[in-house]
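Structure first, commentary second.
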Protein chains: 2
Amino acid sequence: MAPLPATIDRRHRRRAETIEEILDIAAQIMAEQGVAGLSVGEIARRMGIRPPSVYVYFSSKHALYDALFARGARRLLEAMKSVNAALPAKPATLEEILLPAAQESVRWSIEHAAYSQLLFWRPVPGFTPSTEAYQPAVALTELVRDRLKELQDAGLLRADVAVDQAERDLTILISGVISQQLSNAPQEPFDEGRFSAATPALVSMFADYYSPRRPATETGDRGALR
Amino acid sequence: MAPLPATIDRRHRRRAETIEEILDIAAQIMAEQGVAGLSVGEIARRMGIRPPSVYVYFSSKHALYDALFARGARRLLEAMKSVNAALPAKPATLEEILLPAAQESVRWSIEHAAYSQLLFWRPVPGFTPSTEAYQPAVALTELVRDRLKELQDAGLLRADVAVDQAERDLTILISGVISQQLSNAPQEPFDEGRFSAATPALVSMFADYYSPRRPATETGDRGALR
DNA sequence: GTCTATATGACGATAGAC
DNA sequence: GTCTATCGTCATATAGAC
């Protein structure tokens, strides 16, 4: 006899809840011990089950890391979508848009150091995120690129450079801040970080470089400096 | 009876050689498997000895990582000293000095990805480099800071910003390039790297920002843009 | 369908024989 | 200085209880 739809629903819900619980605890362990410090045994211990039971929900430790990667990328994407939505649609300067976005991505990454290690570094031998898990990360770079394209169309970003290059350079700046902060002073909170404090200066540097050059007749041809 | 000095020398030399051999093989394994993929058993296997014998030379796996950290930092410092010595003593522009130095540090880091992971990231749970192991890394930042101070004294670096800030921002740029290259496309060689290719543009951006502002009477007051 | 008990082989590390 | 033997822990596979 086939089970009633209600039963299937309940089972699916229960299963989904258990998966979420495993991921919650796994993220907590990673936050305490570092990404590579995650152990299936420790997850089971904290859940009050036996280690093999974890394999009912995740076929391997790598599958677990993959789910955690997807989760982190999804959450970072959400955080960036939120800050993006709150920004003015018709900004006056490049910096006005880029600084809040940069600050938010650095803040999120510092406050979720474990996810950041997984997203920005390669701490687990043999683990590479699957295409599906990587998808939100791709969506994030697309979000940035689309935003920069809009800014270029609005005349706030130099028309003579490729949007892809601007996106790449901006990403490098931000990941540099995060990387330095997390590896040299991981315990410093975002607001007191030696390296996260560099974000405004670096965004300013980026904005100067990628803002349209004013014509020579106006305030001097800055392009002539190079 | 006390051993002859010659015997002590020979023992010391033999011991030092074994230590170097262990580090060579360990670095090789890290390069193949990633930093966290290093195992004492694998070292022993490749050396034709038993795992406990490794502990005669290194009291723990962390001590081994510490020696590898020190070695990597020392080698990167040497590479930077070399390129620094080859650069002109009286440069004409900021970029002329910074670009070759930046290129070399990115190149070294990409070509020695395993050491870089250890130096720039925190891939090993519970491992923090000792003060001694960290010393060459400190010497490296001092080398950069001293060079920037010279450039400031020579009038090539803005006098109104702290050298420490310039050093921090430059370090962030470079580590951002390395971090993005190694985490997103670790197999790409330096010359073909998507992210290492950004080095010239980023150094140019840095040089623009940190070069002394020309007075308004000359080519326009760039400072007024901010 | 869900979990447990049990087993395998690798790991880091230690103790003690030679 | 190197070995054997051993401990506890880990990820993981399988077989079976409920």
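Per chain, numbering begins at 1; letters A, B, ... match sequence-line order. Side-chain atoms are counted along with the backbone in the values below, which use heavy atoms only and exclude waters and symmetry mates.
- The nearest whole Å value for the distance from the CZ atom in A/R13 to the P atom in C/dG1 is 16 Å.
- If you measure from atom CZ of A/R50 to atom C1' of C/dT6, you get 13 Å, rounded to the nearest angstrom.
- When rounded to the nearest whole Å, the span between OH of A/Y65 and C1' of D/dC10 equals 12 Å.
- No side-chain heavy atom of A/K149 sits under 4.5 Å from any side-chain heavy atom of A/L157.
- A/S82 and A/E78 form no side-chain donor-acceptor contact under 3.5 Å, judged by distance and modelled atom types alone.
- Among the atoms of the strands shown, none is found under 4.0 Å from any heavy atom of A/F58.
- Here B/V40 lies in heavy-atom contact (under 4.0 Å) with sugar-phosphate atoms only.
- Here C/dT2 presents its C1' atom at 14 Å from NE2 of A/H12, a figure rounded to the nearest Å.
- Between A/F127 atom CZ and D/dA11 atom P there is a gap of 16 Å when expressed in whole angstrom units.
- Contact annotation: A/Y55 side-chain N/O to C/dT4 OP1/OP2 distance is not under 4.0 Å.
- Among the protein residues, A/L38 comes within range of the sugar-phosphate backbone only, with heavy atoms under 4.0 Å from sugar or phosphate atoms but none that close to a base.
- Between the CD1 atom of B/I43 and the P atom of C/dA10 there is a distance of 17 Å, given to the nearest Å.
- An OP1 or OP2 oxygen of D/dC10 is reached within less than 4.0 angstrom by a side-chain nitrogen or oxygen of A/R45.
- One finds no salt bridge joining A/R74 and A/E132 here, because no Lys/Arg side-chain nitrogen approaches an Asp/Glu carboxylate oxygen to under 4.0 Å.
- A close approach under 4.0 Å does not occur between any side-chain nitrogen or oxygen of A/R15 and OP1 or OP2 of C/dC3.
- One side chain, A/R147 or A/N84, offers a donor N or O that lies under 3.5 Å from an acceptor on the other.
- Base engagement by B/P52 is indicated by at least one non-hydrogen atom pair under 4.0 Å involving a base atom.
- At D/dG1, none of the side-chain N or O atoms of B/S53 fall inside 4.0 Å of OP1 or OP2 (strictly under the cut-off).
- In this structure, A/E17 places its CD atom 15 Å from C1' of C/dT2, rounding to the nearest Å.
- B/D169 and B/Y210 form a side-chain donor-acceptor contact under 3.5 Å, judged by distance and modelled atom types alone.
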